[in-house]
Amino acid sequence: MSSNLTLSREDIVRLCERVEGAQTRAYAIPKLTDEYPDMTIADGYAVQSELRRRFIAKGHKLVGWKAGLTSKAKMQQMGVSVPSIGFLTDRMARPESSAISTSDLVHPRVECEVAFVMKETLQGPGCTAADVLAATDYVLPAVEIIDSRFSGFKFDLASVIADNGSSARFVGGGRARYVEDLDLRTLGVVMEKNGEIVTLGASAAVLGHPAEAIAMLVNILAELGENLPAGSFVMSGGITEAIPVKPGDSIVARFQELGSVSMRFVE
């Protein structure tokens with residue numbers, strides 16, 4: 001992936017500082033390609049890797065990864081043929097049923113995902129869905145709170161990857177299940193906002209099978225010179241579209257076979 005880097009080291013650091021400012025102080029920024037129109041996906045990952053390095057240097061712990069843009073509809077909408085990935089830290093995690101503040105977020109939205117917890121380390125390239133299932137300890141339902149930090153909701157893949165895939169918060173809950181006890185292709189999901197159903201979907205929306213998304217994530221990690229360590233918490237991508245939330249909203253995501261995950265949003 002390094003072969004098509006166009007940014008200099010100075011540019012990477014400058015863009016990382018811009019993204020980090022937007023994330024830590026909750027303000028919107030223009031998409032990065034406005035200033036760097038030739039920015040590539042490899043450039044986006046270079047900025048994301050610098051961001052991860054900085055967060056870890058400040059004491060954040062890397063707890064796992066997430067796949068983004070894994071549904072065919074979302075890929076077509078963004079005009080891309082591969083999903084993207086982002087990293088997850090301990091400071092993004094929020095407990096089930098908690099009150100989540102929106103004052104430190106810009107445009108918060110929620111989506112339902114199947115999360116995998118790994119019992120073995122996975123290494124690409126050539127990782128398959130079967131490899132993922134064999135290396136999985138258990139799966140559980142999760143809600144990701146994503147936050148696009150770009151003004152006017154204008155974004156492109158390189159900018160989104162640099163912004164760590166709009167990662168903000170995540171909540172795991174429900175009940176953990178072994179993969180062999182489930183058909184991960186056909187899990188139905190319903191999201192309720194303030195008691196009303198706002199969206200529903202089936203887990204097949206994620207590349208036909210959520211494990212395919214994890215396999216693709218492992219193969220992208222290999223291109224970045226990384227693997228997926230045992231113990232990682234990995235979100236396989238939105239099953240439903242992302243629903244905007246504001247203070248006062250309460251969200252319950254109900255997953256067939258996996259129970260539900262709930263949270264509420266406050267100032």
Side-chain angles (χ1 to χ4, degrees), residues 64-80 82-86 88 92-94 96-98 100 102 105-116 129 139-148 153 155 157 160 164-177 179 182-214 216-217 233-246 248-265:
W65 292 86
K66 63 163 223 177
L69 304 176
T70 46
S71 73
K72 290 286 189 279
K74 225 160 176 187
M75 284 197 226
Q76 277 160 354
Q77 186 191 344
M78 296 285 285
V80 298
V82 287
S84 63
I85 68 171
L88 301 173
M92 299 176 190
R94 293 293 179 274
E96 151 75 349
S97 304
S98 61
I100 297 175
T102 56
L105 301 171
V106 186
H107 303 121
R109 291 175 297 155
V110 290
E111 54 188 42
C112 304
E113 315 207 3
V114 175
F116 288 65
V139 292
L140 69 161
V143 169
E144 184 178 14
I145 297 98
I146 55 174
D147 189 23
S148 172
F153 275 109
F155 39 73
L157 191 57
V160 168
N164 195 27
S166 309
S167 301
R169 310 278 178 266
F170 63 89
V171 181
R175 38 185 241 251
R177 299 286 302 269
V179 285
L182 299 171
D183 181 353
L184 277 175
R185 276 185 305 259
T186 59
L187 293 183
V189 177
V190 174
M191 189 187 281
E192 295 171 11
K193 176 171 157 180
N194 306 326
E196 307 265 321
I197 293 178
V198 283
T199 183
L200 38 96
S203 50
V206 183
L207 295 177
H209 193 299
E212 294 286 359
I214 310 282
M216 213 166 295
L217 177 142
F233 175 89
V234 197
M235 289 193 291
S236 58
I239 295 170
T240 56
E241 73 268 36
I243 301 294
V245 287
K246 59 183 191 314
D249 285 342
S250 117
I251 294 286
V252 181
R254 301 184 191 283
F255 290 69
Q256 192 184 351
E257 310 270 7
L258 291 172
S260 61
V261 184
S262 62
M263 68 222 63
R264 58 198 172 86
F265 292 87

Engineer: I need the Met216 CE to Ile85 CD1 distance, nearest 0.5 Å.
Structural biologist: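 Answer rounded to 0.5 Å: 12.0 Å.
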Engineer: What closest approach, in Å, do Pro141 and Gly174 show between heavy atoms, and which atom pair accounts for it?
Structural biologist: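 For Pro141 and Gly174, the tightest heavy-atom pair comes out as CG-CA, 3.7 Å.
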Engineer: Search all heavy atoms of Asp249 against all heavy atoms of Val245 and return the closest pair with its distance.
Structural biologist: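 Asp249 and Val245 have their closest heavy atoms at OD2-CA, 3.4 Å.
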Engineer: Roughly how far, to the nearest 0.5 Å, is CZ of Arg169 from CG of Leu88?
Structural biologist: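 CZ of Arg169 is found 12.0 Å from CG of Leu88.
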Engineer: For residues 250-257, tabulate all N or O donor-acceptor pairs below 3.5 Å that involve a side-chain atom, not counting sequence neighbours.
Structural biologist:
unit_1 : atom_1 : unit_2 : atom_2 : d
Arg254 : NE     : Glu192 : OE2    : 2.9
Arg254 : NH2    : Glu192 : OE1    : 3.3
Gln256 : OE1    : Gly188 : N      : 2.7
Glu257 : OE1    : Arg177 : NH1    : 3.4

Engineer: Is a side-chain N or O of Lys193 found less than 3.5 angstrom from the main chain of Pro244, in a donor-acceptor match?
Structural biologist: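 Indeed, once roles are kept as given, a pair shorter than 3.5 Å links the two residues.
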Engineer: Would you name the heavy atoms of Leu157 and Ser84 that are closest together and state the gap between them?
Structural biologist: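 In this case the closest contact between Leu157 and Ser84 is CD1-CB, 4.1 Å.
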Engineer: Going by side chain to side chain contact (heavy atoms under 4.5 Å, CB included), name the residues that satisfy it together with Ala242, two or more places apart in sequence or in a different chain.
Structural biologist: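 Only Arg109, Glu111, Ile146 meet the side chain to side chain contact (heavy atoms under 4.5 Å, CB included) criterion with Ala242.
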Engineer: So, the side chain of Asp147 versus the backbone of His107: is there a donor-acceptor pair under 3.5 Å, distance only?
Structural biologist: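 Confirmed, Asp147 side chain pairs with His107 backbone.
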Engineer: CD/Glu113 to CE/Met235 distance, rounded to the nearest 0.5 angstrom?
Structural biologist: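 Nearest 0.5 Å value for the CD-CE distance: 5.0 Å.
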Engineer: So do the side chains of Phe116 and Leu217 get within less than 4.5 Å of each other, counting heavy atoms only?
Structural biologist: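 A side-chain contact is absent here, since even the closest heavy-atom pair is not under 4.5 Å.
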Engineer: Considering non-hydrogen atoms only, spot the tightest contact between Gly259 and Arg175 and give its length.
Structural biologist: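 That closest heavy-atom pairing would be N-CG, 4.4 Å.
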Engineer: Okay, side chain of Ser236, backbone of Ala213: is any donor-acceptor separation there less than 3.5 Å?
Structural biologist: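 No, because the side chain of Ser236 does not come within donor-acceptor range (under 3.5 Å) of the backbone of Ala213.
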Engineer: Any side-chain heavy atom of Met92 within less than 4.5 Å of one from Asn164?
Structural biologist: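 With C-beta onward as the side chain, the pair touches.
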Engineer: Please report the interatomic distance OG1(Thr102) to CZ(Phe265), rounded to the nearest 0.5 Å.
Structural biologist: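 One finds 8.5 Å between OG1 of Thr102 and CZ of Phe265.
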Engineer: Hey, could you give me each pair passing side chain to side chain donor-acceptor pair (under 3.5 Å) that has a residue in residues 198-214? Not counting sequence neighbours.
Structural biologist: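 For residues 198-214, and leaving out neighbouring residues, the side chain to side chain donor-acceptor pair (under 3.5 Å) pairs sorted by first residue read Thr199-Glu241.
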Engineer: Restricting to ring-ring contact (aromatic ring centres under 6.0 Å, His included), what partner residues turn up for Phe170, sequence neighbours left out?
Structural biologist: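 In terms of ring-ring contact (aromatic ring centres under 6.0 Å, His included), with neighbours along the sequence ignored, Phe170 is linked to Phe233.
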Engineer: For Arg185, what residues pass the salt bridge (Lys or Arg N to Asp or Glu O under 4.0 Å) criterion, not counting sequence neighbours?
Structural biologist: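 So Arg185 forms a salt bridge (Lys or Arg N to Asp or Glu O under 4.0 Å) with Asp183.
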Engineer: Report the residues that fulfil side chain to side chain contact (heavy atoms under 4.5 Å, CB included) with Ser98, sequence neighbours left out, ordered by chain and then residue number.
Structural biologist: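 Applying side chain to side chain contact (heavy atoms under 4.5 Å, CB included) to Ser98 gives Arg94, Pro95, Ile100.
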Engineer: Any pair with a residue in residues 199-211 that passes salt bridge (Lys or Arg N to Asp or Glu O under 4.0 Å), sequence neighbours left out, goes on the list, sorted by first then second residue, please.
Structural biologist: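 As it turns out, there is no salt bridge (Lys or Arg N to Asp or Glu O under 4.0 Å) pair with a partner in residues 199-211 once direct neighbours are skipped.
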Engineer: Do Leu258 and Leu140 come within less than 4.5 Å of each other through their side chains, counting heavy atoms only?
Structural biologist: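 No, too far: nothing below the 4.5 Å cut-off.
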Engineer: Mind listing the closest non-hydrogen atom pair of Met191 and Cys112 along with its distance?
Structural biologist: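 It is CE-SG, 3.5 Å.
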Engineer: What I'd like to find out is whether the side chain of Val110 reaches to under 4.5 Å of the side chain of Thr240, using heavy atoms alone.
Structural biologist: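 No, side chains not in contact.
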